[in-house]
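Working notes, structure below.
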Amino acid sequence: MTTEQRIVEPRLLRGFRDYLPAQMNARQKIIATIRQVYERYGFLPLDTPAQEFRATLMGYGEENTKQIFSFKNPEEEDVALRFDLTVPLARVVAQYPDLPLPFRRYQVAPVWRADKPDPGRFREFLQFDLDSVGVSSNAADVEILCGMYDTLRALGIENFRVRFSDRKVLNSLLDYAGIPRDMAHGIFRVLDKLEKVGLDNIAAELTGGRVDVSGDKIPGLGLAKTSVDRIKEFLALPQGKRKHVLAGMASLFKDVPSAAEAVAELDFICTSLDALEIPDDRVTLDLSIARGLDYYTGPVFEAILTDAPEFGSVFGGGRYDGLVERFLGRKIPAVGASIGVDRLFAAMQKLGLVQMVSSTAQVLVTVMEPGRMNDYMKLTRRLRVEGINTELYLGEESGLGKQLQYANRQQIPVAIIMGSDEFANNEVTVKDLLLGATLQDRKKTAKGKERDAWLVLSRKAQVKVPASEVLACVREILARPRPA
RNA sequence: GCUGGCGUAGCUCAGUUGGUUAGAGCACCAGAUUGUGGAUCUGGGGGUCAUAGGUUCGAGUCCUAUCGCCAGUACCA
């Protein structure tokens with residue numbers, strides 16, 4: 001068998017991605033920022049296994065089995081990869097009765113879903129969840145909303161909108177419009193598309209159906225005109241300040257008995273958000289959002305980046321008071337939200353909000369005389385012991401130019417040079433590559449004596465110091481102010 | 001899943017009504033510069049034209065299937 005026949009094509013499964021170091025550095029920074037916010041709120045870390053018994057993950061009959069990666073383990077048990085972090089959380093709460101409630105935890109971990117990949121949508125993706133279990137007060141919901149707001153701010157995102165509503169609002173709408181509750185699923189699905197397709201198309205889908213731009217037929221739900229008119233009334237409610245929106249809804253639903261609860265819950269949340277001075281334009285009451293069709297029982301939330309709406313919700317959640325009951329037999333209220341880290345990352349990348357850094361090293365020790373490798377190693381170790389991230393050049397290429405080019409490409413800010421001159425005088429040359437880069441432009445026109453002048457100038461970015469002073473010199477350069 | 005579009009160098013693409021040896025830019029490598037990195041110049045490597053079959057004297061170009069990607073739609077606890 002020849003080598004060529006034996007080669008396995010390197011490729012990825014659809015919906016799965018590699019994260020190369022530059023992206024990984026950026027992603028880890030995002031994760032660290034989010035974690036910082038959640039710990040500021042006092043949420044506790046938790047981790048659970050990637051695999052669970054299939055039965056654990058399957059709460060609501062068979063309808064969603066096809067989205068779950070499932071298989072048999074060596075013991076022939078039915079197992080599956082978790083598709084979110086909420087169900088495992090419910091399992092944990094039920095399994096460890098000694099956990100003090102309220103149990104407020106955060107968890108960052110990959111989840112798997114076997115559905116069709118889309119932009120910003122993958123089969124394996126990282127979720128970052130925060131949840132409060134055991135709190136029925138809407139104060140917990142407020143805290144989640146604040147956490148969403150603070151997180152997006154902390155990530156440096158200027159233009160985002162957190163929207164919230166309440167499942168009970170839409171149920172009241174069904175009552176108001178005289179639609180049976182068992183049509184809820186279909187109705188909510190259509191309403192959820194409001195922003196995407198517009199009011200006219202929504203009305204068409206609620207009644208007779210329509211044909212979309214690609215020529216696909218979308219069947220209608222066959223609602224009566226009176227029902228659709230009432231839904232339109234609802235969708236035409238005033239927007240703007242939270243309290244204003246709430247008042248509009250309360251007025252519209254004043255004769256709907258089921259609406260009282262929704263109004264009370266949302267009033268609590270709006271009052272709290274106002275008291276906390278969370279801006280109305282960033283965290284808005286948007287009665288049209290549906291979300292979590294069978295899952296949520298009360299307030300629901302989602303966040304979008306307004307400059308990249310095509311990525312959809314990057315952060316969503318709500319209250320799910322019924323979930324733990326499946327494992328425990330009694331109700332434990334819970335509310336939480338989840339960041340789709342990979343989707344958020346993809347959206348931020350598209351908006352240029354992600355700074356790629358391809359190195360973790362602050363200093364590259366170059367090697368000019370391979371025969372004195374021990375000296376390079378010793379200096380490298382000295383720097384590392386002092387807490388400076390240091391890489392010793394290990395490449396096969398030996399030229400100094402090659403090594404500096406390597407440092408430049410890796411965005412390593414400082415290079416250390418030791419050749420025969422330095423060894424003879426017990427000195428070390430320390431080079432500021434970022435400052436040096438600003439002088440690079442002059443190099444192209446510099447020739448002859450001009451070149452000498454350029455070299456003199458460039459030495460401002462490069463100093464020769466006694467070996468004993470390397471550390472101080474490196475620290476001084478690393479402390480120099482840099483343009484962001 | 002369904003409908004449509006697209007697969008040419010690492011990347012972005014050009015390639016006439018089927019007709020010699022398939023091109024460009026960027027990137028990469030080397031030299032100009034034997035101890036100095038983003039510029040410039042010169043040169044260089046790199047392609048089973050997604051895969052498999054078919055039509056034809058002749059296929060990157062036409063047909064069929066498969067795979068992949070993109071858009072819409074469906075689904076999304």
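Keep in mind the model is a prediction, meaning the values are calculated, not measured. Quick note on labels: first sequence line is chain A, next is B, and so on, each numbered from 1.
Contact check for Phe164(A) versus Leu266(A): side-chain heavy atoms found under the 4.5 Å cut-off. Residues Phe301(A) and Tyr296(A) form no side-chain contact, since every pair of their non-hydrogen atoms from C-beta on lies 4.5 Å or further apart.
No N or O donor and acceptor, one from the side chain of Gln411(A) and one from the base of G38(B), sit under 3.5 Å apart. No N or O donor and acceptor, one from the side chain of Gln405(A) and one from the base of U36(B), sit under 3.5 Å apart.
Residue Glu422(A) is in base contact, counting any heavy-atom pair closer than 4.0 Å across all strands shown. Residue Phe83(A) is classed as a base contact, given a heavy-atom separation below 4.0 Å to a base.
With salt bridges taken as basic N to acidic carboxylate O contacts below 4.0 Å, none links Arg319(A) and Asp166(A). The pair Arg163(A)-Asp286(A) meets the salt-bridge criterion, since a charged nitrogen lies less than 4.0 angstrom from a carboxylate oxygen. A salt bridge does not link Asp131(A) with Arg104(A): every distance from a Lys NZ or Arg NE/NH1/NH2 to an Asp or Glu carboxylate oxygen is 4.0 Å or more.
The distance from atom CD of Gln403(A) to atom C1' of U34(B) is 15 Å, rounded to the nearest whole Å. If you measure from atom CZ of Arg123(A) to atom P of C75(B), you get 18 Å, rounded to the nearest angstrom. Rounded to an integer number of Å, the gap from Ile68(A) CD1 to C75(B) C1' is 14 Å. In this structure, Asp421(A) places its CG atom 12 Å from P of U36(B), rounding to the nearest Å. Between the OH atom of Tyr296(A) and the P atom of C76(B) there is a distance of 13 Å, given to the nearest Å. Following rounding to the nearest Å, Phe122(A) (CZ) and C76(B) (C1') show an atom-to-atom distance of 16 Å. Distance OH (Tyr406(A)) to P (C29(B)): 14 Å, rounded to an integer number of Å. The CG atom of Leu400(A) sits 13 Å away from the C1' atom of U33(B) (whole-angstrom rounding).
Residue Lys402(A) has no polar side-chain atom (N or O) positioned under 4.0 Å from OP1 or OP2 of G35(B).
Using modelled atom types, one side-chain atom of Arg113(A) and one backbone atom of Phe83(A) make a donor-acceptor pair closer than 3.5 Å.
On the C1' atoms, C63(B) is 28 Å away from A9(B), given to the nearest whole Å. Between the C1' atoms of A30(B) and G19(B), the separation comes to 38 Å (whole Å). Spacing of P atoms, A65(B) relative to U21(B), comes out at 31 Å, to the nearest Å. A gap of 25 Å separates the C1' atoms of C6(B) and G46(B), to the nearest Å. Distance check on atom C1': U12(B) versus A27(B) gives 11 Å, rounded to whole Å. With both ends at atom C1', the span from G60(B) to A14(B) equals 12 Å, rounded to whole Å. Separating the C1' atom of G45(B) from that of C28(B) is a span of 9 Å, rounded to the nearest Å. Of the P atoms belonging to U17(B) and C62(B), the separation is 11 Å, rounded to the nearest Å.
Of all nucleotides present, none satisfies the Watson-Crick or G-U wobble test against G60(B) with each distance under 3.5 Å. Nucleotide C49(B) has no partner under the Watson-Crick or G-U criteria, as no pair reaches both atom distances under 3.5 Å. As the counterpart of G35(B), no nucleotide is assigned, since no Watson-Crick or G-U wobble pattern has both distances under 3.5 Å. Across all strands shown, C67(B) forms a Watson-Crick or G-U wobble pair, both distances under 3.5 Å, with G7(B). For G72(B), the paired nucleotide is C2(B), the pair qualifying as Watson-Crick or G-U wobble because both relevant distances are below 3.5 Å. With a cut-off of 3.5 Å on both Watson-Crick or G-U wobble distances, the partner of U16(B) is given as none. Across all strands shown, A30(B) forms a Watson-Crick or G-U wobble pair with U42(B), both key distances being under 3.5 Å. Nucleotide U55(B): unpaired (no Watson-Crick or G-U wobble partner with both distances less than 3.5 Å).
In terms of position on RNA chain B, the residue among Ala407(A) and Asp84(A) whose nearest nucleotide sits closer to the 5' end is Ala407(A). Nucleotides of RNA chain B nearest to Ser420(A) and Arg113(A) differ in position, and the one nearer the 5' end is that of Ser420(A).
Results of the side chain to side chain contact (heavy atoms under 4.5 Å, CB included) test with Leu173(A) over Leu170(A), Asn171(A), Val169(A) single out Leu170(A) as the only residue that passes.
Checking C29(B), A30(B), G35(B) against every side-chain atom of Arg409(A), the shortest atom distance belongs to C29(B).
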